[in-house]
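The block underneath contains the structure these notes are about, expressed in structure tokens.
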Amino acid sequence: MKKVLVLGATGSIGTSTLDIIRNMKDDFSVAGVTANSNQSKLTELEKEFGCKSSLTKDEGIDGIKRLIDATKPDIVVNGIAGSAGLLPSKIVLDSKIDLALANKETVVMAWPLIKKLADSNDTNIIPVDSEHSAVFCLINQCQKKNVSEIIVTASGGPFRNYSKEQLEKVTLSDALKHPTWNMGQKITIDSATLANKGLEVIEATRLFDMDTEHVKVVVHPQSLVHSIVRTNDGMLYAQISDPDMKHPIFQSLVYPENKSNYLKPFDLFDHELNFYKPRYEDFPMLSYAYSAANKNGGYTIAFNAANEVAVDAFVNSKIGFLDIAKITEKVLEKDFAATPSDFEQVFEIDRLARKYAGECL
């Protein structure tokens, strides 16, 4: 029986995690739950699972720390969206507890610091993103020394076949209609611009210690193949399942085991699998992410911060869809060559990039 603490319990990752626990009560229990502002839902969950909770909007990082100390979980699922999820990841690893990580920003903003912390405390970081969960499992199967290339799949978003002229007229409502995944607002827009895939490229280079030259992106509209690895002999190995986040979440919860579960097995019949090259010119956020990963320093922090500011502006009708990439490009023209040596410097770069992005608006 694993005790699971769920950070961001009312979001899509948190909701899926709790559904797994609901259906596998002999394997998991809820140690505690947090939410940013949904107190009524938090109270419901606290009552249903008989666990402790923390409203982070009021209690902040201290609330998460107190919850960890009070509940002593075996594993923490970090489903908090955005840069707000970084410090909670640090607190979990500081507490010497395994981290099931769905928060991209932890890796994109501060991976060297986070990795050092995990290593020194002998704790596991298990990726929960469907793509990185797939690579994580495939590398464990094939062994890292045998893997020459990682291929991250992208659905291509709702505008995969749009012309440049059509992209200029995209509305918020259009951008929120993802063809295969049901996700939160920010990540859905990031999927439409391919910024999300850019973040995942940065994550893959860091999580699996591969340079950008050996991390590729392929557009796969059906979202059934979650990632692929190529071994030294040129062979490809893929992980295939329905587009449901419960699969990678479950894998993170049972790691290093492989258990049977209640989730529907994938049926091979009557499916079509297609793969296409990304349109880098029409979706430049992917190129900017590669560039940021290559430059390293604080550029990946700046990429993430600029994108967050720009997406928020798009949601609030202050800019158009294509302006998200234009603002990010402008911010990345600034000097972010310095590598942060601590978390305060990470947040200083983040603040600076957000300031530049605000000026671009």
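Scored by the ring-ring contact (aromatic ring centres under 6.0 Å, His included) test, Phe266 finds His271 as partners (sequence neighbours excluded). Remark: His220 pairs with Phe275 by the ring-ring contact (aromatic ring centres under 6.0 Å, His included) rule, at least two apart or across chains. Residues that satisfy the ring-ring contact (aromatic ring centres under 6.0 Å, His included) test with Phe136, not counting sequence neighbours, are Tyr255. Looking at residues two or more places apart in sequence or on another chain, you find no ring-ring contact (aromatic ring centres under 6.0 Å, His included) involving Tyr288.
None of Asp98, Asn121, Ile97 except one satisfies the side-chain contact (heavy atoms from CB on, under 4.5 Å) rule with Val92; the exception is Ile97.
We find the CG-NZ distance between Leu253 and Lys2 to be 7.0 Å, quoted to the nearest 0.5 Å. Atom NZ in Lys246 sits 9.0 Å away from atom OG1 in Thr15 (nearest 0.5 Å). Rounded to the nearest 0.5 Å, atoms NE2 (His247) and OG (Ser133) are 10.5 Å apart. Of the inter-residue distances, the one linking Phe347 atom CZ with Leu352 atom CG reads 15.0 Å to the nearest 0.5 angstrom. Atom CG in Leu101 sits 12.5 Å away from atom CG in Asn124 (nearest 0.5 Å).
Between Thr34 and Lys52, the closest side-chain pair of non-hydrogen atoms is not below 4.5 Å. Ser130 has its side chain within reach of Pro248: a pair of non-hydrogen atoms, C-beta onward, lies under 4.5 Å apart. For the pair Ser227 and His132, the minimum side-chain heavy-atom distance is 4.5 Å or more. No side-chain heavy atom of Arg230 sits under 4.5 Å from any side-chain heavy atom of Met235. In this structure the side chain of Tyr237 reaches within 4.5 angstrom of the side chain of Thr231, judged on heavy atoms. When side chains are defined from C-beta on, Phe283 counts as touching Leu167, because their heavy atoms get closer than 4.5 Å.
Between the side chains of Ser89 and Asn78, at least one donor-acceptor pair of N or O atoms lies under 3.5 Å. Remark: the Thr106 side chain and the Asn103 side chain contain an N/O donor-acceptor pair separated by less than 3.5 Å. For the residue pair His214 and Asp211, a side-chain donor N or O sits within less than 3.5 Å of a side-chain acceptor on the partner. Side-chain polar atoms of Arg22 and Thr17 form no donor-acceptor pair below 3.5 angstrom. Side-chain contact, Ser40 with Glu44: no donor N or O sits under 3.5 Å from an acceptor N or O. Side-chain contact annotation: Asp174 with Thr171, donor-acceptor N/O pair under 3.5 Å present. A donor-acceptor pair shorter than 3.5 Å cannot be found between the side chains of Tyr276 and Asn161.
Under a cut-off of 6.0 angstrom, the local environment of CD in Glu333 is crowded, with over 12 non-hydrogen atoms contributed by other residues, nucleotides or ligands. Annotation for Asp233: atom CG counts as buried by contact number, over 12 foreign heavy atoms lying within 6.0 Å. When the shell of 6.0 Å around CD of Gln141 is examined, it contains 12 or fewer heavy atoms from other residues, nucleotides or ligands. Summarising the local packing, NZ of Lys330 is surrounded by 12 or fewer heavy atoms from other residues, nucleotides or ligands at distances under 6.0 Å. Within a 6.0 Å sphere centred on NZ of Lys115, other residues, nucleotides and ligands contribute 12 heavy atoms or fewer.
Annotation: cation-pi pair Lys90/Phe343 present, NZ/CZ under 6.0 Å from the ring centroid and within 45° of its normal.
There is a path of hydrophobic side-chain contacts, each under 4.5 Å, that joins Leu207 to Ile75. Hydrophobic cluster membership is shared by Leu42 and Leu18, with clusters built from Ile, Leu, Val, Met, Phe, Trp and Tyr side chains linked at under 4.5 angstrom.
With His178 contributing its side chain and Gly157 its backbone, the two residues share no donor-acceptor pair below 3.5 Å. With Lys144 contributing its side chain and Ile139 its backbone, the two residues share no donor-acceptor pair below 3.5 Å.
Glu359 and Lys355 are joined by a salt bridge, as a carboxylate oxygen and a charged side-chain nitrogen come within less than 4.0 angstrom of each other.
Evaluation of the salt bridge (Lys or Arg N to Asp or Glu O under 4.0 Å) test over residues 265-275, restricted to residues two or more places apart or in two chains, returns none.
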Which pairs of donor and acceptor atoms, one on a side chain in residues 309-322, lie under 3.5 Å apart (sequence neighbours left out)?
residue	atom	partner	partner atom	Å
Asp312	OD1	Asn316	ND2	3.4
Asn316	ND2	Asp312	O	2.8

Handout entry: Chi angles and distances behind the side-chain hydrogen bond (donor to acceptor under 3.5 Å, both in side chains) call for Asn296, Arg206
Key = CA-CA 11 Å; Asn296 224 332; Arg206 294 178 166 189; 2.9 Å; yes
